[in-house]
Amino acid sequence: MSVRVRFAPSPTGYLHIGSARSALFNYLYARNVGGKFLLRIEDTDLARSTEESTRSILDGLAWLELKHDEEIVFQSDNADKHRAAAQRLLAEGKAYRDFTPKAEPTDQNVKEGIAERARAAQGVKNMRDNPFRELLSEESDRRAEAQEPFAIRLKVPLAGKTSFDDKVYGPQERNYDDTEDLVLLRSDGHPLYNLAVVCDDIEMAITHVIRGQDHLTNTHKQVLIYEALGVTPPTFAHLPLIMAPGKGKLSKRKHGEIVSLTTYRDAGFVPAAFRNFLALLGWSAGEEKEIYSLEELIEKFSFDGIHRSNAIFNFRENDPRHWTDDKALWMNAEYIRTMPLAELLPLVKAELKSAKLWREEYDQESIALSADIPSTADLGADGRPETVALDNRQIGSHGWYIKTVDLIRSRFFTLKDFSLQGRAYFCEDFDFDPAAVAKNLTKFPELREWLPQLADRFEAEFGGTEMLKPAREQGRDSQPGQLAFTEAYIETVIKAFTEEKGTKLGVIMNGARTLLTGVAVGPSMLSVFEVIGLERTISRLRSQLAWNQ
RNA sequence: GUCCGGUUCGUCUAGGGGUUAGGACACCGCCCUUUCACGGCGGCAACACGGGUUCAAAUCCCGUACCGGAUACCA
């Protein structure tokens, strides 16, 4: 029988990163064994389910590139089937009507109420003493006919135990005594979770149920329902939970947006990077390796590699530098600087577009790229690209935009950096970091004279008719008697200039860096000059903006 | 309370009778360097505790502690 797994979220909010990981593991397993990965939206909680939430779940899965097979199943569409199943169990004497009036919900903390009630009931009551359990069927029918409200409960056998062999946690057993006669159908006719799940999993012919460990005890109840229904239960595999620092529950209420998958999309994460990170939270291939492509994850995935202990999603509140798990951040940076340029470019494009920094002409450059620069994608034995950046020779035939992205990506952590830290490369309207101005400019007042002089020098050495053209259209070859604005020549000119002024190279370079890019950090200054281009270099060196702020 | 599960550096983890207990992130130092990263080298840092079994226990067994999950006419 071919494997069929499902991801079954309830649409009551954003997609939690823990759920996203469940989806990922289901997906990896399905692909690993050539099975199907199905999606079911468990929208039976009418009050809490929203369409918006369903949308966000779908968006999240799409972002992680976890494509599901077959049509999405909406659990609410199957309510009639769930009711029929309950009726059938009732007719077969495997369930009974419970006419006990529904308890008024205590509006306080639900969890606490449950624990409290369980504690109180301890010893005074066993799980099987419901007075309606053995009610004569004639009597039961009569009261039902008289419109008396009732819930349908499963009649859990008196002696014995449920057992199943969890693929992660091993053999599991639970005495029937420890399981109450669970409600299948509410008195308003609404089917409850455990019944709905079992019916749908049967209907969808699910072979492997892979879900969070918080369902471990539900599984015993579900096994009971399978048995009552006369269906062999699927294989179960429960996943360790993802906890907050301190081992508390990772919840939106307490931790906010950090638990939502969309946060990572919006914060400039590369989908493949976050997916890679999630895969390694609670699972390991048993080797000393961190970076896995989706294909590798699929190939290496197995239940044996899944941990039994919960994993902490580590982050420090109120610390922008460590706002989310350090390893996720590191991994994202790793992907940004090493992934094939052809795959990075569309992500950068989306970022620049949303920051209104995108120009259509960049597209012209990107089109031919995919076939043209595979060299960065060559993976070494450890799965990392062997060449980190393109060298000048490789990039020479490509245009300004690609060269710039490749140049600046090496020190970025998120895609956002392309429009934030990288803003000065793409437009004239950028800010000056006061700390950078203080460190690199105002500390050396002479620069206020020198940098405009450097601009003059550039103009004299590199200028001429070419000045009228945008820098990025200049050819690399120099006109007769005129130097091209390229690293080697720029270096010569700057070194001579520095010597004349009797100062250190760093003073000029860093001053120019701040004037040209607004910040104190960035790539080699020679390549920055080249990429910014002669025209913009000259005008920015002459600008008094930074000095006057 | 009861049932179930878990416990290796701060975090993610490898290892499952004999290891100087390995790697990654984070942190610190040095090198590289016009800056910041990257990279290279090095450092800090862990088998929850107590018994047992064994020539030998982080590893197997039993307890304890702590943590987590479940215990709904929620999902």
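The shown structure was predicted, so the numbers you read here are calculated from the model rather than taken from an experiment.
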Quick one: A/Y193 OH to B/rU71 C1', roughly how many Å, whole number?
15 Å
Give none if B/rA48 has no partner; otherwise give the nucleotide forming a Watson-Crick or G-U wobble pair with it, both distances under 3.5 Å.
B/rU64
Could you let me know what B/rU2 is paired to, Watson-Crick or G-U wobble, both distances under 3.5 Å, or none if it's on its own?
B/rA70
A/H238 NE2 to B/rG6 C1', in whole Å, measures 15 Å
Complementary nucleotide of B/rG39, counting Watson-Crick and G-U pairs under 3.5 Å
B/rC31
If we count only N and O atoms by modelled type, under 3.5 Å, do the side chains of A/N314 and A/D326 hold a donor and an acceptor together?
no
With respect to the phosphate group of B/rA75, does any side-chain polar atom (N or O) of A/H190 fall under 4.0 Å of OP1 or OP2?
yes
Hey, can you tell me if A/F458 and A/F485 have their rings parallel, tilted or perpendicular (30° and 60° cut-offs)?
perpendicular
Below 4.0 angstrom from OP1 or OP2 of B/rG10, is there any side-chain N or O of A/R316?
no
pair_partner(B/rU53), Watson-Crick or wobble, both distances < 3.5 Å, evaluates to none
OP1 or OP2 of B/rC27 versus the side-chain N and O atoms of A/R321: is any pair under 4.0 Å?
yes
Write down the distance between CG (A/L184) and P (B/rA72), rounded to a whole number of angstrom.
15 Å
Cation-pi geometry met for A/R97 and A/F150 (6.0 Å, 45°):
yes
So, A/R174 and A/T179: side-chain donor and acceptor under 3.5 Å apart, yes or no?
yes
What is the distance from CZ of A/R409 to C1' of B/rG39, rounded to the nearest Å?
16 Å
Could you state the atom-to-atom distance from CG of A/L250 to C1' of B/rG68 in whole Å?
14 Å
